[in-house]
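For this chain, numbers begin at 1 and follow the sequence in order.
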Amino acid sequence: MTLNKINQRRLENFKNNKRGYYSFYIFTALFLITLFAEFIANDKPILIINKSQYFAPVFQDYTEKDFGGDLELNVNYKDEYTQDLLKDAFILWAPIRYSYDTINYNLETPAPSAPTVDNLLGTDDHGRDVLARIIYGFRISVLFGLALTIFSSIIGIFVGAVQGYKGGKIDLFGQRFIEIWSSLPTLYLLMILTNYITPTFWWLLGILLLFSWTSLVGVVRAEFLRGRNFEYIMAAKALGVSDNKIMFKHILPNAIVATITFMPFILSGSITTLTSLDFLGFGLPVGSPSLGELLAQGKANLHAPWLGITAFVVLSSILILLIFVGEAVRDAFDSRSN
């Protein structure tokens, strides 16, 4: 696909911001790696070749009978009985032989235990591998942030477009509604709702989406208020072009430029929101891999500094990378540099 001259200049400006450019690649690489978390940290083998038969425990659960045992029980691949059944088999393990919920029962010291060769970042107060939980927690935090950013941006752009283009009473009442809606105490509402529902990924996403869509309304509204008075827009109206076509074909591309510059910052804010809720205990279900839950464990176990330090370094790194990317995108779309 060939870029026009303006987009080529924007891409060059983005590349010239080395800090943001390399941050984008680092963040993307880390995210892509964590997408395959099951192949990096898992208490199940990736592949087993036993008696010319192929098994993929990472995708499917097997019973002891599948490997020549006597019982229809799910296999514990670290159990001595299972290891005896598979002593002649070829087994390909993940580099980290712990999943986010695997408990290490062979710790030399009480949990939380300090970093060792077996647990590179130590274990938490439940005996679970911290590195495995970081990998899975990074993935779920970014996926949650991306989903919240995309859905809230779609709603915010649509509402801002309608308000800005229609103006009049629609804009007036819309602004008053947004002012009231955005002033509602989101945290208190979440605390109340958690008494009636069990928070899940999708429940949290839906609840936070109810309040996060307002972040882009003002930007898009301003662009549409400005754009609807342009001469070519007035000419299109005179020619009978429909409002929908004018809004989404002629004015929206100009508004998209402003919204794109905000998206990395919205993403970082979404990740911070999820982390804060997990830290306070109103986020993902108990036991889920979470950076906020790891921060809470660091606060509750000051004698185990590796918990708090690890969570702080990972979370701060994510936010720093996203802020650098956001600055680079903002500079790339700056009209003064195009």
Glu179, CD atom: more than 12 neighbouring heavy atoms under 6.0 Å | yes
Walk me through it: do Ile233 and His250 pass the test side-chain contact (heavy atoms from CB on, under 4.5 Å)?
-> CA-CA 8 Å; Ile233 299 298; His250 298 293; 3.8 Å; yes
Does atom CZ of Phe262 have more than 12 heavy-atom neighbours from other groups under 6.0 Å away?
-> no
About how many Å separate CG of Leu295 and CG of Leu315, when rounded to the nearest 0.5 Å?
-> 6.0 Å
Are the side chain of Trp213 and the backbone of Val159 linked by a donor-acceptor contact shorter than 3.5 Å?
-> no
Show your reasoning for whether side-chain contact (heavy atoms from CB on, under 4.5 Å) applies to Ile207 and Ile197.
-> CA-CA 12 Å; Ile207 294 170; Ile197 61 172; 4.0 Å; yes
Establish whether Ile40 and Leu120 are linked, either directly or via other cluster members, by ILVMFWY side-chain heavy-atom contacts under 4.5 Å.
-> yes
Is Glu327 salt-bridged to Arg19, going by a charged N under 4.0 Å from an acidic O?
-> yes
Please assess Val130 against Thr310 for the test side-chain contact (heavy atoms from CB on, under 4.5 Å), listing each intermediate value before the final yes or no.
-> CA-CA 8 Å; Val130 172; Thr310 300; 4.0 Å; yes
With Ile91, which of Ile46, Ile48, Asn50 fulfils side chain to side chain contact (heavy atoms under 4.5 Å, CB included)?
-> Ile48
Hey, is the main chain of Leu284 close enough, under 3.5 Å, to the side chain of Ser288 for a donor-acceptor pair?
-> no
List the atom of Ser270, the atom of Thr149, and the distance in Å for their closest heavy-atom pair.
-> OG-OG1, 3.6 Å
Can you check side chain to side chain donor-acceptor pair (under 3.5 Å) on Glu12 and Gln8, steps first, answer last?
-> CA-CA 6 Å; Glu12 288 301 320; Gln8 286 178 356; over 6 Å; no
Backbone of Tyr165 reached by a side-chain donor or acceptor of Arg228 within 3.5 Å = yes
Could you tell me whether the side chain of Leu204 reaches within less than 4.5 Å of the side chain of Thr200, counting heavy atoms only?
-> no
Got Tyr136 and Glu38 here, is their nearest side-chain heavy-atom distance under 4.5 Å?
-> yes
Counting N and O atoms only, with roles assigned by atom type, does the side chain of Ser99 sit under 3.5 Å from a partner on the main chain of Thr102, one being a donor and the other an acceptor?
-> no
If only atom types and distance count, is the side chain of Asp66 paired as donor or acceptor with the main-chain N or O of Tyr62 below 3.5 Å?
-> no
Donor-acceptor under 3.5 Å (Asn301 side chain, Ala304 main chain) | no
For residues 80-88, run the donor-acceptor check on the side chains, cut-off 3.5 Å, and write out each pair with its distance to 0.1 Å, sequence neighbours left out.
| from | atom 1 | to | atom 2 | distance (Å) |
| --- | --- | --- | --- | --- |
| Thr82 | OG1 | Asn76 | O | 3.0 |
| Gln83 | NE2 | Lys78 | O | 3.3 |

Would a hydrophobic clustering, with Ile, Leu, Val, Met, Phe, Trp and Tyr connected at side-chain separations under 4.5 Å, put Phe36 with Val314?
-> yes
Where does the angle between the aromatic ring planes of Tyr232 and Phe230 fall among parallel (under 30°), tilted (30 to 60°) and perpendicular (over 60°)?
-> tilted
Is there a salt bridge (charged side-chain N to carboxylate O under 4.0 Å, His left out) between Arg221 and Asp171 once you walk through the steps?
-> CA-CA 9 Å; Arg221 172 179 170 270; Asp171 184 34; 2.6 Å; yes
Is Ser215 reaching over with its side chain to a backbone N or O of Ser212, donor-acceptor style, under 3.5 angstrom?
-> yes
Any chance you could measure Leu107, atom CG, to Thr116, atom OG1, to the nearest 0.5 Å?
-> 8.0 Å
Taking all atoms of both residues into account, what is the closest heavy-atom pair of Gly156 and Val217, and its distance?
-> O-CG2, 3.7 Å
Do Phe324 and Phe27 touch side chain to side chain, with heavy atoms closer than 4.5 Å?
-> no
Can you label the angle between the Phe248 ring and the Phe158 ring as parallel, tilted or perpendicular, going by 30° and 60°?
-> parallel
Between Val329 and Pro264, the two heavy atoms sitting closest are CG2-CG, 4.4 Å
If the plane angle is over 60° it's perpendicular, under 30° parallel, otherwise tilted; pick one for Tyr77 and Phe67.
-> perpendicular
Heavy-atom check, side chain of Leu148 versus side chain of Ile271, under 4.5 Å | no
Using a 4.5 Å cut-off on heavy atoms from C-beta on, say whether the side chain of Phe31 contacts that of Leu143.
-> yes
Point-to-point distance, once rounded to the nearest 0.5 Å, from CD1 of Ile266 to CG of Leu322 | 12.0 Å
For Phe173, what residues pass the side-chain contact (heavy atoms from CB on, under 4.5 Å) criterion, not counting sequence neighbours?
-> Lys169
Whether over 12 other heavy atoms sit under 6.0 Å from Lys237 NZ | yes
List the atom of Gly20, the atom of Phe14, and the distance in Å for their closest heavy-atom pair.
-> O-CZ, 4.2 Å
Yes or no on side-chain contact (heavy atoms from CB on, under 4.5 Å) for Ile178 and Gln163, after CA distance, side-chain angles and deciding distance?
-> CA-CA 11 Å; Ile178 290 175; Gln163 280 189 222; 3.2 Å; yes
Tyr21 side chain near Val325 side chain, heavy-atom distance below 4.5 Å | no
Any donor-acceptor pair under 3.5 Å linking the side chain of Arg133 with the backbone of Tyr100?
-> yes
With side chains defined as the heavy atoms from C-beta onward, is the minimum distance between Met263 and Ser153 less than 4.5 Å?
-> yes
Would you check if the distance from the ring center of Phe59 to the ring center of Phe39 is below 6.0 Å?
-> yes
Do Ile96 and Asn42 come close enough that some side-chain heavy atom pair is under 4.5 Å?
-> no
Is it true that Trp306 and Ile309 fall in one hydrophobic cluster, defined by side-chain heavy atoms closer than 4.5 Å?
-> no
On a heavy-atom basis, the closest approach of Ala111 and Asp124 is CB-O, 3.4 Å
The reported gap from CD1 in Ile157 to CG in Leu216 (rounded to nearest 0.5 angstrom) is 6.0 Å
ILVMFWY cluster, Ile33 and Leu131 together (side-chain gap under 4.5 Å) | yes
Joint cluster assignment, Leu35 & Phe201, ILVMFWY side-chain distance < 4.5 Å = yes
Pairwise distance CD1(Ile150) to CG(Leu267) - rounded to 0.5 angstrom | 9.0 Å
Spatial distance of atom CG (Leu280) from atom CG (Leu277) [nearest 0.5 Å] | 7.0 Å
Check: Thr109 main-chain N/O paired with Ser113 side-chain donor or acceptor under 3.5 Å = no
Return the minimal non-hydrogen interatomic distance between Ile251 and Glu223, and the atom names on each side.
-> CG2-O, 4.3 Å
Any donor-acceptor pair under 3.5 Å linking the side chain of Asn119 with the backbone of Thr123?
-> no
